[in-house]
There are 2 protein chains.
Amino acid sequence: MATLNDVAEEAGVSPTAVSRYLNNRIELPQATRDRIDAAIAKLDYRPNLLAKRLSTGKTEAISLVTPEIANPFFAELAAAVEAEAERHGYAVYISSTGGSRAKEIDALNRLRDQHVDGLIMMTNQPDDGTLARLLKGAGNVVLLDEDVPDVAVPRVFVENVEGAYLAANHLIELGHDDIALISGPAELFSVRERLAGFERAMDEARLPVRAHWILLKDYSRQFGYEAMRWLLKQSPRPTAVLACSDYLAIGALKAVREAGLTVPGDISLVGFDDMPFAELVDPPLTTVRQPIADMGRIAFERLMAVLNKTPAPALTRLPVELVVRKSVAPAKRKTN
Amino acid sequence: MATLNDVAEEAGVSPTAVSRYLNNRIELPQATRDRIDAAIAKLDYRPNLLAKRLSTGKTEAISLVTPEIANPFFAELAAAVEAEAERHGYAVYISSTGGSRAKEIDALNRLRDQHVDGLIMMTNQPDDGTLARLLKGAGNVVLLDEDVPDVAVPRVFVENVEGAYLAANHLIELGHDDIALISGPAELFSVRERLAGFERAMDEARLPVRAHWILLKDYSRQFGYEAMRWLLKQSPRPTAVLACSDYLAIGALKAVREAGLTVPGDISLVGFDDMPFAELVDPPLTTVRQPIADMGRIAFERLMAVLNKTPAPALTRLPVELVVRKSVAPAKRKTN
DNA sequence: AAATGCAAGTAAAGCGGTTTACATAGCGAT
DNA sequence: ATCGCTATGTAAACCGCTTTACTTGCATTT
């Protein structure tokens, strides 16, 4: 591969001149420019990014850490960040932590080593302080979708409270009054917010929130499945379930089907996220849509603001929207 | 951040000694080792990867180009490659091309710039020769899942012919004789292979392959939808459809549902891939499973072989398996 | 006592760029 | 004839690490 020196030699100028010309730090007469351009073309020169990065200390790259890239919600989010980054000439290094704390820490350390300019972090499990400490050390961080307490960086979240409120209200309006909730770990910010939205809707309708029908563990299909199995065994059982992620809802759906029951015939179900497959499952899932493309775009914008030391809001809330499909039916009349 | 020089100074030795010690290229007495270790710990030293890579010309990183990371099939494949790469201490840079030729080329060029050691390439569209030329120039490439003609690199594919044969036979055994096929672009290797498997099954059963029921365009949900809509309008229409990817099958499913018909009641459907959501759609999809984890692992192994100039098979075929779920029913008796 | 060999390092160049500070030529003004 | 200015560059250090070739001191052999 040709180097800057080769180009300089070929063009009969100094490497300095070529470098400065390529970075627009010098005005050269047309003749010289032409010679350099010709040399570059002839040698098929491409700057060595490694060398450039080492020299400037800037990488024009960011890192994106996601719990699980195979989860379509995160995959779409990653794609959205990447699309925006590309428009700005930034590379994105995606790392997927498999939801394990150790791998999150790994990813953060590796990031320090790879010398990226910044980091967009998504997590889906509560932090015991480790993550916060690492993130403070890392600098140039933006949190997306989920909070990590005690770290002063820009955050991009959706209106979790509003989302759960809309979902619960939808169920209530259709006559449901025994509503269960399945969600992630109690310590997680989004879990608490969504729970708050649920409770607000129930309170406003003067419906009781039954503690034993609030099932919190993690945002996984497996837990959605287990939780729903448990709920179906109760008597009386809830007439509707609010699952606080589509993954949970899909697991729940499987449990219902296995029990020989149907959604929404026997039990109504609302999800949260509107991941790409929500409309394809059986039945198409009524769910709360998060604006994935906007989230990715805005998270990247916020990171750019941090990098350029431009002022930017510390917290951005993106609106959600209830998407009504086929997984909710009106409650059956009580046989009093 | 502390540098190697800082460590050397702190430990009272030369940078050379530290470098060689860290890379196991020198035997030092315990006392010296201890001093260096102490200095590293004290300064919280981490080697600058950029500098290391520039210096050695090795990056311990590979690039993975995928058509679309938001497609769960590719996302899982990417995760599998990443898992294996991590075991070997390699970083993986994922780029997602959105199925556009221009972006594939971009990705390959960027790769040259990023100086990765190697590349695992997945594509899902036919090549006009551009890609082949670039890949030849790139070196250290492995093709995964799909072929690019005329480039002599190791390939990892599944038994496409066998897969389609199994799927078609399954339909035939259940009495179907009017079977349509929906697949990707005719020029694509996997499309031709799967078509061959289909035709072989039909021939063996002495069933006619009707040319107007071979619908080839691209591996997208949209095309699956359009193709199925068209098929449903025909009279008589096929009693079963073999969709050569789950994405196609899912689009087809949507068309059936919109037409007020059901799978498998009115028409049977088999997919191909067994992506994670295949069992979650309505009805759970009967499909041909590709061994995603193995594909990722073996592709990485092949790339390592190329990098280490170890001999490795030019072509590896991984077995597929028919997963019977609920999207196929026995053919109804003909009302002669 | 000189030669030999080994252990324990080190000096300096190089990877491919960037950047700071300086150089030279040509030209108009005085 | 000289001064100073602008246009057009250049030399050399540096980013942080690796690596080749060399040095130094000491114990052992002859």
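Here the structure is a predicted model, which is why all the values come from computation and not from measurement.
B:Pro15 comes within 4.0 angstrom of no nucleic acid atom, judged by non-hydrogen atoms across all strands. Residue contacts shown for B:Ser19 include a base, since a base heavy atom lies under 4.0 Å away. Looking at heavy-atom distances under 4.0 Å, A:Thr56 makes contact with sugar-phosphate atoms alone, never a base. Within the 4.0 angstrom heavy-atom criterion, only backbone atoms of the sugar-phosphate kind lie near B:Leu28; the bases stay farther away.
The side chain of A:Asn5 places no N or O atom within less than 4.0 Å of a non-bridging phosphate oxygen (OP1 or OP2) of C:dG17.
Residues passing the ring pair (Phe, Tyr, Trp, His ring centres under 6.0 Å) test with A:Tyr90 are A:Phe300, sequence neighbours excluded. Contacts of A:Arg46 classified as side chain to side chain contact (heavy atoms under 4.5 Å, CB included), with partners at least two apart in sequence or in another chain: A:Met1, B:Asn109, B:Arg112, B:Asp113.
The base of D:dG9 has none of its N or O atoms less than 3.5 Å from a complementary donor or acceptor on the side chain of A:Thr32. Interface remark: the A:Ser55 side chain does form a donor-acceptor pair with the C:dG17 base, using a distance-only criterion of under 3.5 Å.
Between its opening and closing five pairs, the helix from C:dA1-D:dT30 to C:dT30-D:dA1 changes axis direction by 70°, a value rounded to 10 degrees.
Contacts with DNA chain D (heavy atom under 4.0 Å) in residues 33-48 of chain A: none are found.
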Base versus backbone protein contacts along nucleotides 20-26 of chain C [heavy-atom cut-off under 4.0 Å; B, S, -]: BB-----
With a 3.5 Å cut-off and sequence neighbours excluded, list the donor-acceptor pairs that the side chains of residues 144-155 of chain B form with protein atoms.
residue: B:Glu146; atom: OE1; partner: B:Ser190; partner atom: OG; Å: 2.6
residue: B:Glu146; atom: OE2; partner: B:Phe189; partner atom: N; Å: 3.4
residue: B:Glu146; atom: OE2; partner: B:Ser190; partner atom: N; Å: 3.1
residue: B:Asp147; atom: OD1; partner: B:Arg155; partner atom: NE; Å: 2.7
residue: B:Asp147; atom: OD1; partner: B:Arg155; partner atom: NH2; Å: 2.7
residue: B:Arg155; atom: NH1; partner: B:Val151; partner atom: O; Å: 2.8
residue: B:Arg155; atom: NH1; partner: B:Val153; partner atom: O; Å: 3.0
residue: B:Arg155; atom: NH2; partner: B:Val148; partner atom: O; Å: 3.0
residue: B:Arg155; atom: NH2; partner: B:Val151; partner atom: O; Å: 3.3

